[in-house]
Amino acid sequence: MHTSVRPLSPGASTSGAQRASHRNTVPCVVTIAGTDPTGGAGSAADIKSIHAAGGYALPVTTAVLAQNSSRVTHIEHMSAAVVRAQLDAIAEHARIDAVKIGMLGTAENVQAVAEWLSEARPQLIVVDPVMISSSGTALIAPEAFPEVAALCAAADVITPNALELAELTDSSHAETHIDVCNQARAWTERHGNVVIAKTGHLDSEQTTNYWIESGAEPIAIHTQRVESSATQGTGCTLASALTTRLAAGDAPARALAWASDWLHHAISHGERLDVTLGQDPPVSGPMDHFHHVRAAMPQPHMPQPQVPQPHLPLQLGSGARKGGGSR
Ligand SMILES: Nc1ncnc2c1ncn2[C@@H]1O[C@H](COP(=O)(O)OP(=O)(O)O)[C@@H](O)[C@H]1O
Ligand SMILES: Cc1ncc(COP(=O)(O)OP(=O)(O)O)c(N)n1
């Protein structure tokens with residue numbers, strides 16, 4: 001890595017995650033990501049999630065993809081100059097409360113983003129180290145792995161899935177919640193920032209999200225695994241919603257609980273969108289990022305989502321609860 005983003009002092013991650021200065025305004029969140037024309041993952045998922053969580057999205061495109069949930073047929077990487085120009089255009093125009101980073105694609109783009117971050121010094125940086133699509137296509141060049149790891153080390157919060165966490169910590173693929181938490185703990189003790197340890201890729205009834213931070217008790221937000229095809233873009237969605245709630249000033253437990261619970265409902269209500277063409281076996285499709293808004297806007301042709309409260313912040317429903325435990 002040629003560029004360091006900024007030095008992190010011990011505990012800086014917590015303060016970074018809690019240092020939201022615009023608690024009484026809509027948080028402006030820059031999302032740096034690739035595209036998905038089917039709207040399920042990438043920047044489309046990010047924009048929807050940021051707005052659903054009460055923020056305003058400023059999208060920077062790193063790559064244009066022809067993809068759906070079954071395959072990626074084309075990737076056009078933006079040049080580092082185009083990525084940088086988009087970031088500069090935002091910086092001269094808008095308040096930036098937080099930056100969420102997803103697919104970067106090339107080592108040049110990782111460097112361009114790292115350089116900009118070291119100049120812009122946003123208050124909150126969340127990195128979702130996107131490496132592979134669920135359809136199996138690599139979304140980052142292998143030679144860029146060390147650059148992505150360095151970017152992760154300089155972030156306030158990282159949100160790797162189990163595969164990405166194993167890659168970052170040079171470990172074998174986790175099989176249990178305890179494995180995932182141990183790997184996250186190893187990362188956080190080395191780098192001093194927060195890891196959201198995710199368990200969507202494991203074979204467990206619960207899809208608990210853990211806030212793992214050096215020197216602090218883990219925060220565990222438990223949700224039940226939903227048997228649904230509406231799981232396209234879950235990682236992008238969780239990271240974007242969490243970033244927005246942190247930028248809004250929520251404490252870590254509240255922000256992670258809101259994002260996890262809302263995501264659980266978005267998956268649960270996704271199939272009723274009925275977007276994907278019927279296939280056998282069914283392909284995965286988008287979740288409903290606006291189930292809570294739809295609940296407040298009667299649509300006679302659709303069954304009404306049973307979401308009790310349309311306002312922010314969403315109170316915890318039956319899907320999520322805070323507490324310890326590893327499974
Ligand atoms: N089947 C599911 N039911 C409920 N929640 C899920 C499901 N799959 C994923 N999630 C939620 O989405 C989050 C991200 O999913 P995960 O598969 O771990 O990462 P990624 O989408 O980045 O590969 C999980 O932490 C969990 O909150
Ligand atoms: C452009 C782009 N970015 C990220 C992903 C992968 O997103 P993720 O949220 O991890 O979703 P799934 O792969 O689990 O659907 C992507 N496909 N495209």
Side-chain angles (χ1 to χ4, degrees), residues 5-6 8 11-34 42-62 83 86-104 110 112-130 148 151-160 192-196 209 211 213 219 235-260 262-263 289 312-314:
V5 176
R6 60 180 164 168
L8 276 177
S13 52
T14 304
S15 54
Q18 293 181 325
R19 208 171 34 208
S21 61
H22 294 284
R23 288 162 196 248
N24 296 321
T25 58
V26 169
C28 291
V29 181
V30 175
T31 160
I32 306 176
S43 54
D46 292 355
I47 295 165
K48 286 184 274 189
S49 306
I50 291 164
H51 281 262
Y56 182 86
L58 301 144
V60 169
T61 303
T62 55
V83 170
Q86 293 174 80
L87 291 165
D88 288 340
I90 292 173
E92 73 178 30
H93 172 82
R95 164 168 57 83
I96 297 173
D97 297 317
V99 176
K100 181 261 165 185
I101 299 167
M103 175 187 173
L104 293 170
V110 184
V113 168
E115 268 169 30
W116 178 78
L117 289 171
S118 64
E119 292 167 28
R121 300 181 75 83
Q123 293 192 346
L124 174 65
I125 303 171
V126 177
V127 175
D128 184 19
V130 173
V148 172
L151 192 66
C152 284
D156 296 299
V157 179
I158 63 170
T159 64
N193 54 5
V194 173
V195 180
I196 304 301
N209 291 319
W211 178 287
E213 183 172 6
I219 298 166
C236 304
T237 295
L238 178 71
S240 297
L242 176 67
T243 306
T244 308
R245 292 316 310 160
L246 289 171
D250 286 1
R254 187 173 175 81
L256 186 59
W258 191 94
S260 302
W262 163 82
L263 170 57
H289 294 82
L312 286 170
L314 193 64

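Only this structure's heavy atoms are used, side chains among them; waters, hydrogens and symmetry mates stay out.
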Calculate, to the nearest 0.5 Å, the distance between atoms [atom1] and [atom2] belonging to [X] and [Y] respectively.
{"X": "Glu119", "Y": "Asp88", "atom1": "CD", "atom2": "CG", "value": "7.5 Å"}
{"X": "Thr159", "Y": "Trp211", "atom1": "OG1", "atom2": "CH2", "value": "11.0 Å"}
{"X": "Ile196", "Y": "Leu238", "atom1": "CD1", "atom2": "CG", "value": "7.5 Å"}
{"X": "Thr31", "Y": "Ile47", "atom1": "OG1", "atom2": "CD1", "value": "7.0 Å"}
{"X": "Trp116", "Y": "Arg121", "atom1": "CH2", "atom2": "CZ", "value": "12.5 Å"}
{"X": "Leu263", "Y": "Asn209", "atom1": "CG", "atom2": "CG", "value": "7.5 Å"}

Could you tell me which non-hydrogen atom of [X] sits nearest to which non-hydrogen atom of [Y], and how far apart they are?
{"X": "Val148", "Y": "Pro129", "result": "CG1-CB, 3.9 Å"}
{"X": "Leu58", "Y": "Arg95", "result": "CD1-O, 4.1 Å"}
{"X": "Thr237", "Y": "Ala45", "result": "OG1-CB, 3.8 Å"}
{"X": "Asp97", "Y": "Pro27", "result": "OD2-CA, 3.3 Å"}
{"X": "Ser240", "Y": "Thr244", "result": "O-OG1, 2.8 Å"}
{"X": "Val126", "Y": "Ala239", "result": "CG1-O, 4.5 Å"}

Any side-chain heavy-atom pair of [X] and [Y] under 4.5 Å:
{"X": "Thr243", "Y": "Ile50", "answer": "no"}
{"X": "Leu104", "Y": "Ile32", "answer": "yes"}
{"X": "Leu151", "Y": "Leu117", "answer": "yes"}
{"X": "Val29", "Y": "Val99", "answer": "no"}
{"X": "Ile96", "Y": "Ile90", "answer": "yes"}

[X]: what forms a side-chain contact (heavy atoms from CB on, under 4.5 Å) with it, not counting sequence neighbours?
{"X": "Ala89", "value": "none"}
{"X": "Val130", "value": "Met103, Asp128, Leu139"}
{"X": "Ala112", "value": "Ala80"}

Look at the side chain of [X] and the backbone N and O of [Y], then say whether any donor-acceptor pair between them is shorter than 3.5 Å.
{"X": "Ser260", "Y": "Ala257", "value": "no"}
{"X": "Arg245", "Y": "Ala53", "value": "yes"}
{"X": "Trp262", "Y": "His289", "value": "yes"}
{"X": "His51", "Y": "Ala57", "value": "yes"}
{"X": "Gln123", "Y": "Ala98", "value": "no"}

Check your understanding: Ser49: what forms a side chain to side chain donor-acceptor pair (under 3.5 Å) with it, not counting sequence neighbours?
Key ->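 Once residues adjacent in sequence are excluded, Ser49 has no partner under the side chain to side chain donor-acceptor pair (under 3.5 Å) criterion.
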
Review point. Which pairs count as salt bridge (charged side-chain N to carboxylate O under 4.0 Å, His left out) when at least one residue sits in residues 43-60, sequence neighbours excluded?
Key: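 Counting only pairs at least two positions apart or across chains, the salt bridge (charged side-chain N to carboxylate O under 4.0 Å, His left out) contacts touching residues 43-60 are Asp46-Lys100.
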
